[in-house]
Amino acid sequence: MDRYTEIRSFTLVAEKGSFAAAALVEGVTPVVMGRRLDGLERRLGVKLMHRSTRGLTLTDLGEQFLEQCRQLLRDFDAAESSISEGRNVVRGHLVVSAPAAFGRRHVAPHAPAFKAKYPELKLSFNLTDSVVDLVREGYDMAIRIGEVTDPNYVPVRLFPNRRVVCGTPAYFARHGVPRTPEELAGHNCLAFNLQGGQQRGWSFVRDGRLFAVRVDGDLDCNDGELLHGWVKQGLGIGWRSTWEIQAELKRGELVTVLDDFAVPSYDIQAVYPQQRYLPAKVRHFIDYLKAVYNTPGYWERTPG
């Protein structure tokens, strides 16, 4: 049993004058309260209360200990209250990791408006396509695209997203439209190189099962924005996120293919380490981004 519970129970019994009255406050039985006092006395090696048919009386040591316990409980309540109030104050230093291209276009640009709401806050961003260890590297939160499987992180979906195969209408007019993922073998596929993380190929779903198709092309790199630009130029086809190409799809500059095989969920998510109390700076920034991303027409207005 934890010490706080023992001390609180001892204080309640002393103040209420009986195990039964104290048990009503705690929502337990008088027997449980008696066991807590027994455990406390056993651990301390002293007698704190005399128990008789006439009632309970504190020993001299019990009287001294009661005052100390009351002060400990007041200090504990004050500490909890202070932390709780701090959870609602946005201040301090918020350190955020985000994918490079997404962070440049959809995270960092919103920092000035958010900062204007909370002038006591300092923000730092690390824009990288590498997956960072938030705890070890000192980040408060990260933006991730796709599934979050680490049980030590809490994911919050900011906006739905998919990964789709896309290209310009001119490219497909010249080279034809692939009808199955296997037909990508006959196309110039512009992909992340091995260091970029697509070495397993492009992922698809067929009959409810996930599978990957290895692709090849005459251009590859580890920068998504550069690949995006090559796709827009009609140099080949890409496997891009819908957040990235939504404006161009609306304008007809890009079209998607193999939609029936697209992985259904590759969402934009905020993640933060598991913790009992989520700092206000993290909670409010997540809520702010979520509101921005869900503003009607936001993705279509974003320049491609």
Does the pair V164 and I245 meet the rule for a side chain to side chain contact (heavy atoms under 4.5 Å, CB included), with working shown? CA-CA 10 Å; V164 294; I245 62 173; 3.8 Å; yes

W202 and L184: which non-hydrogen atoms are nearest, and at how many Å?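 Scanning both residues completely, I find the closest heavy atoms to be CE3-CD1, 3.9 Å.
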
Taking all heavy atoms of S9 and all of M33, pick out the closest pair and write down the distance.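 Minimum heavy-atom contact is CB-CE, 3.7 Å.
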
Taking atom types as modelled, find out whether [X] and [Y] have a side-chain donor-acceptor pair closer than 3.5 angstrom.
| X | Y | result |
| --- | --- | --- |
| D129 | N222 | no |
| Y288 | H110 | no |
| Q233 | H228 | no |
| Q71 | D75 | yes |

Could you see if V263 belongs to whatever hydrophobic cluster contains F192? Use Ile, Leu, Val, Met, Phe, Trp, Tyr and a side-chain cutoff under 4.5 Å.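 Shared cluster, no.
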
Close side-chain approach of R91 to K281, heavy-atom, < 4.5 Å: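 No - every pair of side-chain heavy atoms lies 4.5 Å or more apart.
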
Could you tell me whether a side-chain N or O of D207 sits under 3.5 Å from a main-chain N or O of R209, the two making a donor and an acceptor?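 Looks like no, no N/O pair under 3.5 Å.
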
Between F102 and H106, what is the ring plane arrangement, given parallel below 30°, perpendicular above 60°, and tilted in between?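 Rings of F102 and H106: tilted, 30 to 60°.
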
Whether F285 and F125 hold their rings parallel, tilted or perpendicular, with breakpoints at 30° and 60°: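 Judged by the thresholds at 30° and 60°, the geometry between F285 and F125 is tilted.
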
Under the side chain to side chain contact (heavy atoms under 4.5 Å, CB included) rule, what do D216 and N188 come out as? Steps first, then yes or no, please. CA-CA 7 Å; D216 192 25; N188 193 34; over 6 Å; no

Flag yes if more than 12 heavy atoms outside [X] fall under 6.0 Å of its [atom1] atom; otherwise flag no.
| X | atom1 | result |
| --- | --- | --- |
| R174 | CZ | yes |
| K115 | NZ | yes |
| N152 | CG | yes |

Would N126 and S97 count as a side-chain hydrogen bond (donor to acceptor under 3.5 Å, both in side chains) if you check the C-alpha gap in whole Å, the side-chain angles of each, and the deciding distance to 0.1 Å? CA-CA 5 Å; N126 178 25; S97 173; 4.7 Å; no

Kindly determine whether W299 and Y293 satisfy ring-ring contact (aromatic ring centres under 6.0 Å, His included), including the steps that lead there. CA-CA 7 Å; W299 300 100; Y293 297 163; 5.2 Å; yes

Looking at [Y] and [X], is any side-chain nitrogen of the basic one under 4.0 Å from a carboxylate oxygen of the acidic one?
| X | Y | result |
| --- | --- | --- |
| K232 | E253 | no |
| E182 | R206 | yes |
| R51 | E41 | yes |
| E244 | R240 | yes |
| R43 | E6 | yes |

Might you work through the side-chain hydrogen bond (donor to acceptor under 3.5 Å, both in side chains) test for S124 and H93, ending with a clear yes or no? CA-CA 8 Å; S124 294; H93 189 189; 2.6 Å; yes

Decide side chain to side chain contact (heavy atoms under 4.5 Å, CB included) for I286 and L158; before the verdict, give the C-alpha distance in whole Å, the side-chain angles of both, and the deciding distance to 0.1 Å. CA-CA 8 Å; I286 289 174; L158 301 178; 3.9 Å; yes

Please, which pairs that meet side chain to side chain donor-acceptor pair (under 3.5 Å) have at least one residue in residues 254-266, sequence neighbours excluded?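 For residues 254-266, and leaving out neighbouring residues, the side chain to side chain donor-acceptor pair (under 3.5 Å) pairs sorted by first residue read T256-D259, S265-D267.
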
Those residues that, when tested against Y171, pass side chain to side chain donor-acceptor pair (under 3.5 Å) (two or more places apart):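 H187.
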
Restricting to side-chain contact (heavy atoms from CB on, under 4.5 Å), what partner residues turn up for P109, sequence neighbours left out?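 P109 satisfies side-chain contact (heavy atoms from CB on, under 4.5 Å) with no residue once adjacent residues are dropped.
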
Side chain to side chain contact (heavy atoms under 4.5 Å, CB included) between T11 and V13: does it pass, once the steps are laid out? CA-CA 6 Å; T11 304; V13 171; over 6 Å; no

